[in-house]
Amino acid sequence: MLEKVDALDDLDKKILASMMESSRKSYADLGKELFVSSGTIHVRIKKMIQQGIIKREYLDVDYHKLGYDVTAFLGIFLDKSSLYEEVTQKLKSIPEIVEAHYTTGNYSIFVKVICKDTKHLKEILTEHIQALPGVQRTETLISLQESISRPLIPTIGA
């Protein structure tokens with residue numbers, strides 16, 4: 001069950017928006033940008049981490065430059081929807097799976113996979129995902145180009 005968090009004020013939203021554009025900004029730089037002390041920034045960010053609003057910080061990496069040339073989306077059909085938690089726990093052990101979603105519609109689970117090439121993708125599919133107990137079948141969509149990738153910046157004043 002999702003826990004309700006305290007409402008964010010405009011300063012919290014401005015901190016989030018600025019950090020989502022560049023998480024490498026120091027608290028001092030954020031404070032200067034938003035006309036508050038770095039201590040205020042620190043307290044606000046700590047509060048948002050404790051509330052689970054900020055879940056993690058990570059680098060946005062160009063996987064193609066690291067030799068990962070295939071991004072695919074897989075629709076996973078389960079034998080029974082009650083197997084979702086069990087299968088998802090096993091999917092977490094496959095490092096090439098970078099996102100997984102419980103969905104409505106045709107698929108029980110929809111995942112994003114990043115692989116070196118189509119041979120690597122086939123290996124992940126056949127030896128890891130399709131071999132899981134409870135996975136009935138999969139459908140694969142290979143991305144030809146990522147056109148948009150951005151965070152959702154919270155609106156200020158809303």
Side-chain angles (χ1 to χ4, degrees), residues 1-76 84-105 107-121 123-125 127-129 132 138 140-158:
M1 179 127 146
L2 292 176
E3 190 178 311
K4 188 175 179 186
V5 298
D6 296 333
L8 297 180
D9 63 15
D10 282 350
L11 178 58
D12 291 328
K13 291 177 183 178
K14 288 176 183 175
I15 292 168
L16 279 176
S18 184
M19 287 189 69
M20 290 169 79
E21 289 172 8
S22 175
S23 64
R24 295 185 63 175
K25 291 180 184 175
S26 70
Y27 290 176
D29 288 341
L30 270 172
K32 286 177 192 170
E33 177 185 323
L34 300 174
F35 306 106
V36 296
S37 72
S38 59
T40 298
I41 300 292
H42 176 75
V43 168
R44 296 292 187 108
I45 290 174
K46 185 176 178 183
K47 178 185 82 169
M48 288 187 277
I49 290 170
Q50 289 171 341
Q51 291 179 321
I53 295 167
I54 298 174
K55 298 191 301 186
R56 65 180 182 257
E57 296 177 52
Y58 60 93
L59 296 173
D60 188 8
V61 175
D62 184 337
Y63 293 106
H64 294 287
K65 291 183 179 178
L66 297 175
Y68 289 82
D69 291 329
V70 175
T71 298
F73 297 91
L74 309 175
I76 300 174
Y84 171 76
E85 291 294 334
E86 182 181 328
V87 172
T88 301
Q89 284 304 313
K90 291 177 180 163
L91 292 173
K92 287 180 181 179
S93 69
I94 304 169
E96 292 84 357
I97 295 177
V98 296
E99 290 183 24
H101 302 269
Y102 190 24
T103 62
T104 61
Y107 312 119
S108 301
I109 305 171
F110 197 69
V111 300
K112 180 178 178 181
V113 182
I114 298 175
C115 298
K116 292 180 180 181
D117 51 32
T118 54
K119 181 180 175 186
H120 184 204
L121 174 60
E123 175 189 320
I124 297 301
L125 272 170
E127 295 178 24
H128 298 282
I129 297 172
L132 291 175
T138 61
T140 305
L141 305 164
I142 295 178
S143 172
L144 299 177
Q145 177 180 325
E146 182 180 272
S147 303
I148 299 171
S149 177
R150 62 180 176 215
L152 172 64
I153 307 293
T155 55
I156 308 229

Count the heavy atoms of every other residue, nucleotide or ligand shown that sit under 6.0 Å from CG of L144, and state whether that count exceeds 12.
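Result for CG/L144: open.
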Is it the case that more than 12 heavy atoms not belonging to D62 sit under 6.0 Å from its CG atom?
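Enclosed.
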With rounding to the nearest 0.5 angstrom, report the [atom1] to [atom2] distance, [X] to [Y].
X    : Y    : atom1 : atom2 : value
D12  : Q51  : CG    : CD    : 8.0 Å
F73  : T140 : CZ    : OG1   : 12.0 Å
L74  : L121 : CG    : CG    : 6.5 Å
T138 : Y107 : OG1   : OH    : 9.5 Å
H64  : E146 : NE2   : CD    : 7.5 Å
K25  : I41  : NZ    : CD1   : 10.0 Å

Looking at [X] and [Y], what are the two nearest heavy atoms and their distance?
X    : Y    : answer
D29  : S26  : N-OG, 3.0 Å
V70  : T118 : CG2-N, 3.9 Å
K112 : T71  : CE-CG2, 3.7 Å
H120 : K116 : ND1-N, 2.9 Å
L152 : M20  : O-CE, 2.9 Å

Could you go step by step and tell me if I45 and L30 meet the side-chain contact (heavy atoms from CB on, under 4.5 Å) rule?
CA-CA 11 Å; I45 290 174; L30 270 172; 4.3 Å; yes
Is the closest basic N to carboxylate O distance between K119 and E123 below 4.0 Å?
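No, this pair does not count.
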Heavy-atom distance under 4.5 Å between the side chains of [X] and [Y], does that happen here?
X    : Y   : result
L91  : I76 : yes
I53  : L16 : yes
H128 : I97 : no
R44  : L11 : yes

Quick one: sort the Y63 and Y68 rings into parallel, tilted or perpendicular, breaks at 30° and 60°.
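Perpendicular.
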